[in-house]
Amino acid sequence: MGTILLKNLKNELENSIRKAVDLEEIVIVFSRPPDFKLGDIATPLSFELAKKLKKNPMQIAKDIVDTIILPEGIERAENSGGYINFFFDRKYFSKKTVMTIINENDSYGKGEEKKEKVMVEYSQPNTHKSFHIGHLRNVCLGDALANIMEFSGYPTVKANYIGDVGAHVAKCLWGYMKFYNGVVPEKNRGEFLGKVYSEADNKLKKSEDYQEEYKVVLKNLYEEDKRTMDVWRMTREWSLEEFNRIYKELGVNFDIFFYESEVKDEGTKIAKELLDKGVAKNKDGAVIVDLKEYGLDEFVILRSDGTALYSTKDLALAEKKFQDFKIDLSLYVVGSEQKFYFKQLFKTLELMGFSQAKRCYHLSYELVMLEEGKMSSREGNVVLYSELKDVVKKEALKQVRERNISNAESISEIVTLGALKYSMMKDNNKRIIFNWKKALDFEGDTAPYIQYAHARASSILKKIAVFTSEFEIDELNEKEYKLVSLLSELPEIVEKASIDYRPDYVSNYVYDVAKCFNEFYHECHVINAESNKEFRASLVKATKIVLHNALALLGIKAPEEM
RNA sequence: GGACCAGUGGCCUAGUGGAUAUGGCGAUAGCCUCCUAAGCUAUAGGUCGGGGGUUCGAAUCCCCCCUGGUCCGCCA
């Protein structure tokens, strides 16, 4: 890992300020001035000090500006209404930044290697149900989060946890055996099961006789009746095949797959052990952990009939993660409706004595909804991932063909997946109201816009006969410098995203970079540049690297042309 | 009833203690003999849900209220 210029400058500057102020225990906050003309970084420190020193903030700022010994690379400090604004040696900064990016290339933005091992659990689809656009949000967010953790230096394990047991499976199996027994669809077998599930659920609501039949299937499933298990294994495989096809298409690679069916027995054992240890207690035949003193109610960890619950299995899975995989941080990407549940789970893990319980984090996200309301696999009013992908792909293909580009098929695939993923990357505390018009929009704040900027940068570089990363800078104009300045921020953005678990920091950033590049591109010619030609070429290369690296964190490919 | 999340121009959105609130969509007016127009430029559009408070400074923190959503299940 090379030097992170911007961060180093800030550190050195902080030291200089400390010396100038000569006070212990002050927190120095930096911000960006609203305009580059005012400086490169600023601090409102004097307002903070005014209280302590009982002096006018303007005077304090002036004193600091007069006495501070600035580190190398920072030209001057200015007092502006109490703010202290610092000006970089911009040519030096630009040259250093661009050269650093080009040298580090794919590693630019990478954080220092860390010892703590992270596991990100995401996707967690249920077999025997359809994979819809709500599931897509989870995969996109989870994969981006895992990529960000890894890039910021944590050894990271990408984990999936498949829900292959439970009532929904029994419903689907009942429906299959009742109405489709022996049917093996040619293709899209997973989707077929999704439809069977929805149909079964509907019919079960309407008939008590059906209910009785279903209960037998449920019992058979729990008791691992041979015939039922055969159908279960076959259909389960259909769903898994479909999931794997989707993951492959999305370019998502899990390191490990867990299955509910594999941890339920271990979970049952744990629940009983907790009962013996006194961590849990018996209530009406069920095993519960009393969390009332933590404001978390009672947590049921085993049914009174002795069968496993979601919680039972999650306890076993967590133990496996801590003990077998030796992870230090455990991140769960799961919908926000399970917030309370995860608080209970983490508290219980803590009571079980796992030190890692404090480093468990539930990254929650809100639903993807349709304009007419919530989607429900049960109701069957869902937009399937495959439907959405096909429609978007068709539009992308149409648009690529209009542009006369040779490998239309692969480019349109890249554009399609980029557009889908990027749209899922928004603030996870907000609902996404899905609509087709927006899904087919490739302009403005979208992935294709960013990919397009990358393609243009690539195109320029191809047209430059001799590329040299040796350059001097004459005069820097505003567009050039603004771009440099933004590019210098990637390492900090990645770091912040990994600390706050916020993939959207990266998606917002990469959009800003693309926008800034487009503005630069329109104002500053590169190939026929009258000045700064070599510098601009290098700047374009650096931009391409930053766009590529940031998009890669989001799991989005950066095409050479489009 | 209790808890949590959200509320920013017509719509979507950035910003969670700092300077004049960021962009996008849509609208209007321009820019392809010039490195790809999936682009760029300009214009119009704002009680940052409402009201109090803390602070030198609040979209951001505290309190109350309104609206929408979620959870409080031996479902996941």
Side-chain angles (χ1 to χ4, degrees), chain A residues 29 31-35 38 42-48 50-51 56-57 80-83 85 124 126 129 163 166-168 260 283-288 295-298 300-314 334-341 343-344 364 366-367 369 374 396 399-400 402-405 415 419 426-433 435 437-438 441-453 455-464 504-505 508-509 511-512 514-515 517-529 536-537 540 561-562:
Chain A
V29 180
S31 61
R32 271 229 190 265
D35 195 289
L38 290 168
T43 178
L45 178 68
S46 37
F47 296 110
E48 205 62 42
K51 263 178 284 187
N56 183 331
S80 167
Y83 281 90
N85 294 335
Q124 310 110 322
N126 285 330
K129 277 193 188 178
H168 75 277
E260 284 189 27
K283 191 188 177 188
D284 306 326
V287 181
I288 66 148
L296 295 173
D297 220 325
E298 287 174 343
V300 185
I301 60 171
L302 197 65
R303 282 200 190 93
S304 50
D305 66 1
T307 57
L309 281 154
Y310 187 48
S311 54
T312 320
K313 294 172 258 185
D314 250 333
V334 179
S336 60
E337 67 276 11
Q338 293 185 45
K339 273 186 173 177
F340 187 71
Y341 166 79
K343 279 186 185 165
Q344 292 181 314
S364 69
E366 287 289 331
L367 295 175
M369 297 180 53
K374 271 169 88 163
Q399 292 201 30
V400 173
E402 282 168 9
R403 288 172 171 80
N404 251 340
I405 284 168
V415 168
K426 298 291 168 190
D427 183 344
N428 34 21
N429 286 321
K430 284 179 182 171
R431 276 170 288 181
I432 291 176
I433 314 289
N435 84 63
K437 192 168 171 279
K438 235 171 155 180
D441 186 11
F442 300 152
E443 288 167 20
D445 187 6
T446 66
Y449 173 93
I450 301 162
Q451 291 171 318
Y452 183 62
R456 292 170 102 168
S458 305
S459 167
I460 292 173
L461 293 171
K462 264 177 229 150
K463 285 183 179 160
I464 290 171
D504 56 319
Y505 287 177
N508 290 332
Y509 169 75
Y511 172 67
D512 284 343
K515 175 142 184 75
F517 175 71
N518 278 330
E519 287 168 20
F520 158 82
Y521 174 97
H522 276 272
E523 194 162 306
C524 310
H525 228 273
V526 180
I527 295 170
N528 302 318
R536 284 181 184 173
V540 170
E561 58 170 342
M562 67 182 272

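The structure displayed is predicted, hence computed values, not measured ones. All heavy atoms count here, side chains included; hydrogens, waters and symmetry mates do not.
The side chain of A:Lys463 approaches B:rU36 more closely than any other nucleotide in the set B:rA14, B:rC56, B:rU36. With B:rU41, B:rC35, B:rC56 as the candidates, the nucleotide lying closest to the side chain of A:Glu48 is B:rC56.
Between A:Gln451 atom CD and B:rA38 atom P there is a gap of 14 Å when expressed in whole angstrom units. Across the protein-nucleic acid pair, A:Phe517 atom CZ and B:rC35 atom P stand 13 Å apart, rounded to whole Å. Straight-line distance from the OH atom of A:Tyr521 to the P atom of B:rC31: 19 Å, rounded to whole Å. For A:Asn429 and B:rA14, the CG to C1' distance is 15 Å, given to the nearest whole Å. Rounded to an integer number of Å, the gap from A:Gln344 CD to B:rC4 C1' is 14 Å. Between the C1' atom of B:rC11 and the CD1 atom of A:Ile433 lies a distance of 12 Å, rounded to the nearest Å. Distance CD (A:Gln399) to C1' (B:rG39): 13 Å, rounded to an integer number of Å. For A:Asn508 and B:rU13, the CG to P distance is 12 Å, given to the nearest whole Å.
Residue-level contact check: A:Thr307 touches neither bases nor backbone, having no heavy atom under 4.0 Å from any strand. No engagement by A:Ala453 is indicated, since no non-hydrogen atom pair under 4.0 Å with the nucleic acid exists. Using a 4.0 Å heavy-atom criterion, one finds that A:Ser459 contacts the bases of the nucleic acid, with or without backbone contacts as well. Heavy atoms of A:Val540 sit nowhere under 4.0 angstrom from any nucleic acid atom. Residue-level contact check: A:Val29 touches neither bases nor backbone, having no heavy atom under 4.0 Å from any strand. At a threshold of 4.0 angstrom between heavy atoms, the contacts of A:Asn85 include nucleobase atoms, whether or not backbone atoms are also involved. If you check every strand for non-hydrogen atoms under 4.0 Å, A:Pro44 touches a base.
Using C1' as the reference atom, B:rC11 and B:rC71 are 29 Å apart when rounded to the nearest Å. B:rU60 and B:rU54 have their C1' atoms separated by 13 Å, with the value rounded to a whole Å.
Partners of A:Arg403 by side chain to side chain donor-acceptor pair (under 3.5 Å), not counting sequence neighbours: none found. Under the side chain to side chain donor-acceptor pair (under 3.5 Å) criterion, A:Lys283 pairs with A:Glu298, not counting sequence neighbours. Listed by chain and residue number, A:Asp427 satisfy the side-chain contact (heavy atoms from CB on, under 4.5 Å) test with A:Lys430 (two or more places apart in sequence, or in another chain). Applying the ring pair (Phe, Tyr, Trp, His ring centres under 6.0 Å) criterion to A:Tyr452, with sequence neighbours excluded, gives no partner residue. Checked against side-chain contact (heavy atoms from CB on, under 4.5 Å), A:Ser311 has the following partners two or more places apart in sequence or in another chain: A:Phe299, A:Ile301, A:Leu309, A:Tyr341. Not counting sequence neighbours, the partners of A:Phe47 by the ring pair (Phe, Tyr, Trp, His ring centres under 6.0 Å) test are A:Tyr83. Residues meeting the side chain to side chain donor-acceptor pair (under 3.5 Å) test with A:Gln344, sequence neighbours left out: none. In this structure, the side chain to side chain donor-acceptor pair (under 3.5 Å) partners of A:Lys426, at least two apart in sequence or on a different chain, are A:Asp445. A:Asp441 meets the salt bridge (Lys or Arg N to Asp or Glu O under 4.0 Å) test with no other residue; sequence neighbours excluded.
Each of A:Glu519 and A:Thr43 has a nearest nucleotide on RNA chain B; the 5'-most of these lies closest to A:Thr43. Between A:Tyr449 and A:Leu38, it is A:Leu38 whose nearest contact on RNA chain B lies nearer the 5' terminus.
Checking side-chain atoms of A:Thr43 against main-chain N and O of A:Val29 turns up a donor-acceptor pair under 3.5 Å. Using a distance-only test at 3.5 Å, with no hydrogens or angles considered, no donor-acceptor pair links the side chain of A:Thr446 to the main chain of A:Ala419.
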Which dot-bracket notation, 5' to 3', represents the base pairing of RNA chain B when pairs are defined as Watson-Crick or G-U with both distances under 3.5 Å, crossing pairs as [ ], and inter-strand pairs as |?
(((((((..(((.....[....))).(((((.......))))).....(((((..]....))))))))))))....
Taking only N/O atoms, report every protein-nucleotides 22-25 of chain B pair under 3.5 Å with atom names and distance.
unit_1, atom_1, unit_2, atom_2, d
B:rG23, O2', A:Tyr511, OH, 3.2
B:rG24, OP1, A:Lys515, NZ, 3.3
B:rG24, O2', A:Asp445, N, 3.3

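At the phosphate of B:rA38, OP1 or OP2 sits under 4.0 Å from a side-chain N or O atom of A:Arg403.
Classified by its glycosidic torsion, B:rC32 falls in the syn category, the angle being within 90° of 0.
Judged by centroid separation below 5.5 Å and plane tilt below 30°, A:His525 does not stack onto the base of B:rC34.
Relative to the six-membered ring of A:Tyr521, A:Arg456 meets both conditions, a distance below 6.0 Å and an angle of at most 45° to the axis.
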Heavy atoms under 4.0 Å is the rule here; annotate nucleotides 69-76 of chain B 5' to 3' with B where the base is hit, S where only the sugar-phosphate is, and - elsewhere.
SSSS-BSB
